[in-house]
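Every chain is numbered from 1, with letters handed out A, B, ... down the list of sequences.
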Number of protein chains: 2
Amino acid sequence: MNPLENIRIVLVEPQSSGNIGSVCRVMKNMGITDLALINPHERHDWEEARRLACHAGDLLNARKVFPSLEKTVADCTVVAGTSARTGLHRDHAGLPREIAPIILDSAAYHKTALVFGREDTGLTKEELAVCTHIINIPSSKAYQSLNLSHAVMVCCYELFLLAADSSYQPPRERSPETSVEMRERVYERWSQMMIKTEFCAPEKLEHMMLGLRRIFSRGKLTDNDARILLGLAQQSLWVVDQWKKRKESSEPPI
Amino acid sequence: MNPLENIRIVLVEPQSSGNIGSVCRVMKNMGITDLALINPHERHDWEEARRLACHAGDLLNARKVFPSLEKTVADCTVVAGTSARTGLHRDHAGLPREIAPIILDSAAYHKTALVFGREDTGLTKEELAVCTHIINIPSSKAYQSLNLSHAVMVCCYELFLLAADSSYQPPRERSPETSVEMRERVYERWSQMMIKTEFCAPEKLEHMMLGLRRIFSRGKLTDNDARILLGLAQQSLWVVDQWKKRKESSEPPI
């Protein structure tokens, strides 16, 4: 299967109708067809979007709408979010050219997603946490903020070039990568484990979980891996239960 | 000197005011500042252009306007034109990533230009002839035509990446490259030579000259090279004159 067909472009709460249309054009130019919008607002001028989509009106019509990023990418393996900010994610962020082979390798077998934030404020911390990879588009210090459709262009261009490169061969897959849905179940169970085992104070949990998300996103995570991680947390939680029960029964009655 | 400062973005008869503004934004995002417009029409909505330029209004204000491509790039060495068409130029066209080092190598020492045609019809045959290199931006067969600002984005992105790559070193220049103005003088003199020496029928001249332009654009042409080529044609024309005079004087009077 053509890996480009397994790549979903996700726009989170896009503000400009024209940008949505321009993104459709960029996608069709670069052989990518799956568009998802998260919470597009009601005042969108779809005629304006259609005008800027030009001959990519079919992609605009076929857009899917979702209420949250987690729901949008539930069936995806690799989820690459774009961010201009550095900070927490600096060490994990990669150039579009570095992340493109990771997306394409996975897209040969699975749904993958490229996520673009709001025109003004980008992606939230919570949305970035759902992403397995962060893309940082290089730009001049004189003016760093790219127009939404230009950011999509750069990422799609790198993917299109790589897919068209006759020397590129996706790796032979050994075991299937796990989906965002399964990953999120792992992270939820692990959060419970962190708190209940008293490994981590509640106010430190968010930071700790971001670190763990990064660790588990660095390489591929298969369904088997996810089941092991789930089981491990499950077992920990069972031990905590036993311990609490024993503690209660050994305490003298009040 | 920063080679990006020696790169001029040339828009030939742009039709959409919004596109001009979007191109300014792309340029500033990618560290390129020199914008030239050829024959912008009088009905342009400069407020619309300014809106889309966002924080790159300074580039829009500093735009230069020219009446022809030849005048716009007279001081440039490498002139890379973008074309979606193949045909005559197919063998000479390169990908943005292939042409970027050629532009940047020259921009370390000289003015260079990246030329983008009209939104609907691109560059004319005559304009492509002025270009020393042709860039072909890869795109999907499903929809090949890129929006103007997206085409500029792809080319500028490749140049910005290359310029920012710490392993990139422009070549040490040995002798200065010649300008478009000097090249055009060579081609004009050679056209006369072709006709006067009866090497080429007038109706075949255009095709022949395109071939010669390609030959002389393949590598660098220095000022010295250009002077040699000019001299060679000059000498040929002198010989033709002598021959014609002799022919006339040896013909019997009517």
> Got a donor-acceptor contact below 3.5 angstrom from the N136(B) side chain to the S83(B) backbone?
Replying inline: yes
>> Among P138(A), G31(A), A56(A), which residue has the highest count of heavy-atom pairs closer than 4.5 Å to chain B?
In response: P138(A)
> If you tally heavy-atom pairs under 4.5 Å against chain A, which of I137(B), N29(B), V26(B) wins?
Replying inline: N29(B)
>> Is C54(A) close to chain B through its backbone or its side chain, or both, or neither, when contacts mean heavy atoms under 4.5 Å?
In response: both
> Is it the case that S106(B) and T112(B) place a side-chain donor and acceptor less than 3.5 Å from each other?
Replying inline: no
>> Is S149(A) close to chain B through its backbone or its side chain, or both, or neither, when contacts mean heavy atoms under 4.5 Å?
In response: both
>> Below 4.5 Å, heavy-atom pairs only: which of G18(A), S145(A), P96(A), A142(A) has the largest tally toward chain B?
In response: S145(A)
> M30(A) versus chain B, heavy atoms under 4.5 Å apart: side chain, backbone, both or neither?
Replying inline: both
>> Can a donor-acceptor pair be found, under 3.5 Å and without considering hydrogens, that links the side chain of H44(B) to the backbone of P14(B)?
In response: yes
> Any idea which of R25(B), H55(B), Q144(B) has the most non-hydrogen atom pairs under 4.5 angstrom with chain A?
Replying inline: R25(B)
> When you check the side-chain N and O atoms of Y168(A) and D105(A), is any donor under 3.5 Å from an acceptor?
Replying inline: yes
> Cationic tip of R51(A) within the cone over W46(A)'s six-membered ring, i.e. under 6.0 Å and within 45° of the normal?
Replying inline: no
> Between E127(A) and R118(A), is there a salt bridge with N-O shorter than 4.0 Å?
Replying inline: yes
>> Quick check on salt bridge (Lys or Arg N to Asp or Glu O under 4.0 Å): which of R8(A), K64(A), K111(A) does D75(A) satisfy it with?
In response: R8(A)
> Is it the side chain or the backbone of T33(B) that comes within 4.5 Å of chain A heavy atoms, both, or neither?
Replying inline: neither
>> Quick check on the interface: out of R97(A), M153(A), K28(A), who has the most heavy-atom pairs with chain B under 4.5 Å?
In response: R97(A)
>> Would you say that more than 12 heavy atoms from the other residues, nucleotides or ligands in this model lie under 6.0 Å from the CD of E126(A), or not?
In response: yes
> With only heavy atoms counted, which part of A164(B) is less than 4.5 Å from chain A, the side chain, the backbone, both or neither?
Replying inline: neither
> I32(A) versus chain B, heavy atoms under 4.5 Å apart: side chain, backbone, both or neither?
Replying inline: neither
